[in-house]
Amino acid sequence: MAAELTAHELIAQHRPTLDQALEAIRTRAYWSPHPEHPKAYGENGSLDAAAGKAAFGALLGTRLDLGQPGTDGWVSGEVSPYGPELGVEYPHADVDVLLPAMKAGQKAWREAGAEIRAVVCLEILKRISDRTHEFAHAVMHTSGQAFMMAFQAGGPHAQDRGLEAVAYAYVEQVRTPDTAEWSKPQGKRDPLALTKQFTPVPRGIALMIGCNTFPTWNGYPGLFASLATGNAVLVKPHPRAVLPLALTVQVAREVLAGAGFDPNLVALAAEQPGEGIAKTLATRPEIRIIDYTGSTSFGDWLEANARQAQVYTEKAGVNTVLIDSTANYKGMLSNLAFSLSLYSGQMCTTPQNFLIPRDGIRTDEGPKTFDEVAADLARSVDGLLGDDARANALLGAIVNPDVKARLEAAAGLGEVALASREVTNPEFPDAVVRTPVIVKLDGAKPDDEAAYMSECFGPVSFAVAVDSSADAVELLRRTIREKGAMTVGAYTTDDEVERAVQEVCFDEAAQLSLNLTGGVYVNQTAAFSDFHGSGGNPAANAALTDGAFVANRFRVVEVRREA
């Protein structure tokens with residue numbers, strides 16, 4: 001464990017970073033303190049590529065003892081989507097012992113104040129950042145992401161999202177002053193005078209339910225938002241993606257103890273195979289906040305049943321791209337091909353439906369029919385993934401058998417514009433790697449509607465023929481309203497169509513990307529600038545990250561005294 005960290009040392013080290021984060025969320029300009037390039041690590045205590053890989057390798061087959069109270073056994077069973085068993089054992093908790101121990105540390109954590117909590121959180125993030133190479137392998141071998149994506153999305157981008165949540169939490173807590181002198185004139189009599197004290201107080205213990213595909217990127221916002229606002233946090237990882245979050249808990253506990261706080265403010269709840277402890281934990285009276293990323297069905301269950309808690313969900317939707325016209329046909333196809341291929345479409349932001357007028361679209365290369373657009377998009381994906389080495393670097397591995405089953409079933413839903421193919425990964429021959437499938441459907445046929453109006457998570461997309469761009473706009477509206485969308489894309493050179501699409505996204509609260517043809521993609525968002533989800537349609541009830549995401553994690557309690 002590192003030497004004790006005083007409040008003065010923490011503020012001196014991390015207040016400048018917090019101030020930069022506060023400025024970034026105010027301006028929405030590009031900023032990140034966490035390097036994206038693997039070669040940037042290896043100095044000032046951070047692990048370089050070789051040391052990070054060795055550190056990950058040293059974890060395999062070991063027991064990760066976090067020193068938590070109430071440990072009544074050990075849990076293991078993670079298998080990498082690339083094939084190898086990880087063999088790491090994690091503590092299994094008796095929650096009747098662990099939850100009271102977590103609550104015990106909240107008083108001192110509350111009394112520390114918003115600034116100290118923020119800089120302690122930043123110290124946790126800094127130590128995670130120093131181990132980015134190690135975390136990247138942990139994310140890769142639990143999520144199936146290719147290494148570079150696991151490094152960036154699971155490392156610096158996840159850390160950015162955590163820091164963003166800390167910054168928003170700080171802003172909301174200091175909005176009200178610590179103290180105020182209140183004096184009300186009473187004419188000839190003495191004024192009424194009070195001294196008022198205002199204290200942000202936590203709701204209680206927060207439960208963060210992790211996901212399989214992005215355990216850190218989706219997990220850090222809720223974890224750090226709750227911790228920074230004074231709450232203890234119980235981390236319940238997805239059973240197939242425990243290691244990245246277990247390492248996070250380990251780091252957090254070390255930093256909290258080194259800063260003089262109770263390490264039990266952050267704890268891990270790993271589960272035995274088939275135990276299903278999320279429902280049990282979610283309805284415990286001690287749990288007052290829940291963060292969840294995953295299936296719509298369980299998200300809906302949490303919202304309906306965890307009535308004692310403030311529930312933040314990111315569920316799922318049917319992400320849609322409307323294609324009306326484009327001034328850069330090749331750029332559009334290239335951009336969309338990359339969006340479909342990245343991590344085998346296993347992202348909550350990957351486009352699923354492409355709404356294309358059946359009479360075709362206008363382009364800088366002349367008019368293109370519906371069939372031509374579908375075929376050209378298929379060729380663009382084929383060209384991108386034609387080389388197996390590049391395909392493996394983009395696709396990663398299929399994360400679970402359900403995704404593979406959906407992919408295989410999709411070919412029977414309509415005419416196949418792009419067939420999926422198997423890709424061999426020479427380094428990991430047991431990995432299941434598949435290229436995307438594109439299926440053509442008719443927006444006017446009820447049988448086809450049943451397919452494209454259902455979420456098909458994974459490397460599956462539908463080219464949907466519609467009667468006109470106006471019909472596409474209305475189908476877009478209905479899709480967002482009924483199914484939700486994390487992202488919407490549109491390609492048009494027509495001002496009226498652009499305005500119509502924007503109005504739909506304003507009405508239905510969906511995040512819109514227009515005419516992307518370069519190196520920014522509809523399924524990527526940048527911390528401090530882009531909002532991930534809106535919280536305003538069925539895909540999610542929260543946005544990463546805005547004031548609403550943090551403000552309800554605490555309450556301000558006032559104490560009044562006569563002056």
TODO: Would you check if Val437 and Leu407 make a side-chain contact, meaning some heavy-atom pair closer than 4.5 Å?
DONE: yes
TODO: Would you check if the distance from the ring center of Tyr521 to the ring center of Phe338 is below 6.0 Å?
DONE: yes
- [ ] Classify the side-chain pair Glu314/His532 by whether it contains a donor and acceptor separated by less than 3.5 Å.
- [x] yes
Open item on the list: Between Asn537 and Ala509 (side chain of the first, backbone of the second, donor and acceptor by atom type, cut-off under 3.5 Å), is there such a pair?
Closed with: yes
Open item on the list: Donor-acceptor check, side chain of Asn541 to backbone of Thr313, threshold 3.5 angstrom: yes or no?
Closed with: yes
Open item on the list: Can you classify the ring geometry of His141 versus Phe428 as parallel (below 30°), tilted (30 to 60°) or perpendicular (above 60°)?
Closed with: perpendicular
TODO: Would you confirm whether Asn392, through its side chain, and Thr424, through its main-chain N or O, come within 3.5 Å as a donor-acceptor pair?
DONE: yes
Task: CA sep, side-chain torsions, deciding dist, call: Asn353, Val318, side-chain contact (heavy atoms from CB on, under 4.5 Å) - done: CA-CA 7 Å; Asn353 292 346; Val318 176; 3.2 Å; yes
- [ ] Could you grab the distance from atom CG of Leu544 to atom OH of Tyr312, nearest 0.5 Å is fine?
- [x] 11.5 Å
Task: Minimum heavy-atom distance Ser341-Leu395, with the two atoms named - done: O-CD2, 3.3 Å
Task: Backbone of Asp376 reached by a side-chain donor or acceptor of Ser380 within 3.5 Å - done: no
TODO: Go through the steps for Gln524 and Asp530 under the test side-chain contact (heavy atoms from CB on, under 4.5 Å), then give the verdict.
DONE: CA-CA 9 Å; Gln524 296 175 319; Asp530 294 323; over 6 Å; no
Task: Closest heavy-atom pair and its distance - Asp160, Ser32 - done: OD2-OG, 2.8 Å
TODO: Evaluate the side-chain proximity of His137 to Phe147: yes if any heavy-atom separation is below 4.5 Å, no if none is.
DONE: yes
Task: Gln173 versus Thr229, closest heavy-atom pair with distance - done: OE1-CA, 3.6 Å
Task: Pair Val501-Leu512, side-chain contact (heavy atoms from CB on, under 4.5 Å): steps then yes or no - done: CA-CA 9 Å; Val501 171; Leu512 172 64; 3.8 Å; yes
TODO: For the pair Glu23 (side chain) and Ala29 (backbone), establish whether a donor and an acceptor sit closer than 3.5 Å, ignoring hydrogens and angles.
DONE: no
Task: Value rounded to 0.5 Å, distance of OG in Ser339 from CE in Met347 - done: 8.5 Å
Task: Any donor-acceptor N/O pair, Gln308 side chain to Ile287 backbone, under 3.5 Å - done: yes
Open item on the list: If you define the side chain from C-beta out and look only at heavy atoms, does anything of Asp19 sit under 4.5 Å from Leu22?
Closed with: yes
Task: Tyr343 side chain reached by Ser143 side chain, heavy atoms, under 4.5 Å - done: yes
- [ ] For residues Phe549 and Asp291, determine if any side-chain heavy atom of one lies less than 4.5 Å from a side-chain heavy atom of the other.
- [x] yes
- [ ] Go through the side-chain N and O atoms of Thr525 and Gln511 and say whether any donor and acceptor fall under 3.5 Å apart.
- [x] no
- [ ] Please confirm whether the backbone N or O of Cys211 pairs with a side-chain atom of Thr213, one donor and one acceptor, at under 3.5 Å?
- [x] no
Task: N/O donor-acceptor pair under 3.5 Å between Asn319 side chain and Cys348 backbone - done: yes
Task: Distance-only side-chain donor-acceptor flag, Thr493 / Ser325, under 3.5 Å - done: yes
Open item on the list: Rounded at 0.5 Å granularity, tell me how far SG in Cys505 sits from CD1 in Ile480.
Closed with: 4.5 Å
Task: CD (Glu496) with more than 12 external heavy atoms under 6.0 Å - done: no
Task: Under 3.5 Å: donor-acceptor pair, side chain of Gln159, backbone of His34 - done: no
Open item on the list: Walk me through whether Asp471 and Ser468 qualify under side-chain hydrogen bond (donor to acceptor under 3.5 Å, both in side chains).
Closed with: CA-CA 5 Å; Asp471 288 328; Ser468 66; 3.3 Å; yes
TODO: Would you please classify the geometry between the Trp301 ring and the Phe298 ring as parallel, tilted or perpendicular, with 30° and 60° separating the classes?
DONE: parallel
Open item on the list: Any carboxylate oxygen within less than 4.0 angstrom of a Lys/Arg side-chain nitrogen, looking at Arg481 and Asp507?
Closed with: no
TODO: Answer yes or no: is there an ion pair linking Asp388 with Arg421, defined by an N-O contact shorter than 4.0 Å?
DONE: yes
- [ ] Identify the two heavy atoms, one from Phe135 and one from Thr248, that lie closest to each other, and give their separation to 0.1 Å.
- [x] CE2-OG1, 3.4 Å
Open item on the list: Between Glu455 and Lys315, does any side-chain N to carboxylate O distance fall below 4.0 Å?
Closed with: no
Task: Ionic contact status for Asp371 with Lys440, cut-off 4.0 Å - done: yes
TODO: Please state whether the rings of His133 and Tyr41 are parallel, tilted or perpendicular, taking 30° and 60° as the class boundaries.
DONE: perpendicular
Open item on the list: So that I can tick it off, tell me whether Arg379 and Asp382 are bridged by a salt bridge, with the cut-off set at under 4.0 angstrom between side-chain N and carboxylate O.
Closed with: no
Open item on the list: To the closest 0.5 Å, what do you measure between OH (Tyr292) and CG (Asn218)?
Closed with: 11.0 Å
TODO: If the plane angle is over 60° it's perpendicular, under 30° parallel, otherwise tilted; pick one for Tyr220 and Phe224.
DONE: perpendicular
Task: salt_bridge(Arg499, Glu503) N-O dist < 4.0 Å - done: no
Task: Heavy-atom closest contact (Thr326 atom, Tyr329 atom, distance) - done: CG2-CA, 3.7 Å
Open item on the list: Please evaluate residues Thr142 and Arg240 with respect to the criterion side-chain contact (heavy atoms from CB on, under 4.5 Å), reporting the C-alpha separation (whole Å), side-chain torsions for both, the decisive distance (0.1 Å), and the verdict.
Closed with: CA-CA 6 Å; Thr142 52; Arg240 287 194 291 261; over 6 Å; no
Open item on the list: Do Arg203 and Asn552 have side chains that approach each other closer than 4.5 Å (heavy atoms only, starting at C-beta)?
Closed with: yes
Open item on the list: Any carboxylate oxygen within less than 4.0 angstrom of a Lys/Arg side-chain nitrogen, looking at Arg553 and Glu172?
Closed with: no
Open item on the list: Quick test of your reading of the model: are Arg434 and Glu422 salt-bridged, counting only N-O distances below 4.0 Å?
Closed with: yes
Open item on the list: Is any side-chain heavy atom of Leu385 closer than 4.5 Å to one of Leu394?
Closed with: yes
- [ ] Using a 4.5 Å cut-off on heavy atoms from C-beta on, say whether the side chain of Thr132 contacts that of Ser129.
- [x] yes
Task: Verdict with supporting geometry, Asp324 and Thr492, side-chain hydrogen bond (donor to acceptor under 3.5 Å, both in side chains) - done: CA-CA 5 Å; Asp324 163 77; Thr492 182; 2.6 Å; yes
Task: Sidechain-backbone polar pair: Tyr491 side chain, Leu516 backbone, donor-acceptor under 3.5 Å - done: yes
Task: Contact summary for Val439 and Ala410, nearest pair of heavy atoms - done: CG2-O, 3.5 Å
